Amino acid sequence: MTRDEIIRMAREADIIDFRDADDDPHTAQMVEFLERFAALVAADEGIACAISCEVNAARWVDDMRKNYAAHECAAAIRARSTP
């Protein structure tokens, strides 16, 4: 998620006042906090997605291609989810 996306969503949620400039010290501090928070949420969501792939892999024990693909998908998600 980009900084601009975080600022846009923070304004939509009224966390940051739409009248505040992006470089205002309070806005900048809040955006830094939200960037860290968004990274943690994304990592947690990635782990949940990887687990879902692994659960599906267990269902596809008889189909090696699907099983392999599910494990590869889980590994790729876990790699992306590392903060």
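As the structure is a computational prediction, the values presented were derived from the model and not from experiment.
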query: Say you draw a straight line from CD1 of Ile7 to CD of Glu35; how long is it, rounded to the nearest 0.5 Å?
result: 7.5 Å
message: How about CD on Glu12, more than 12 heavy atoms from neighbouring residues, nucleotides or ligands closer than 6.0 Å, or not?
response: yes
message: Please give me the minimum heavy-atom distance between Ala57 and Ala70, naming the atom from each residue.
response: CB-CB, 3.6 Å
- request: Would you give the length of the straight line joining atom CG of Asn56 to atom NE2 of His71, rounded to the nearest 0.5 angstrom?
  value: 10.5 Å
task: Nearest 0.5 Å please: distance from the CG atom of Asn67 over to the CD atom of Glu54.
output: 10.5 Å
- prompt: To the nearest 0.5 Å, how far apart are CZ in Arg78 and SG in Cys49?
  reply: 10.5 Å
- prompt: Could you give the distance from CE (Met30) to CD1 (Ile6), rounded to the nearest 0.5 Å?
  reply: 12.5 Å
- request: State plainly whether one hydrophobic cluster holds both Phe33 and Val41, where clusters connect Ile, Leu, Val, Met, Phe, Trp and Tyr through side-chain heavy atoms under 4.5 angstrom apart.
  value: no
task: Could you check Arg3 against Leu34 for side-chain contact (heavy atoms from CB on, under 4.5 Å), going step by step and ending with a plain yes or no?
output: CA-CA 9 Å; Arg3 184 177 179 84; Leu34 291 171; over 6 Å; no
query: Ile77 and Cys53: which non-hydrogen atoms are nearest, and at how many Å?
result: CD1-SG, 3.9 Å
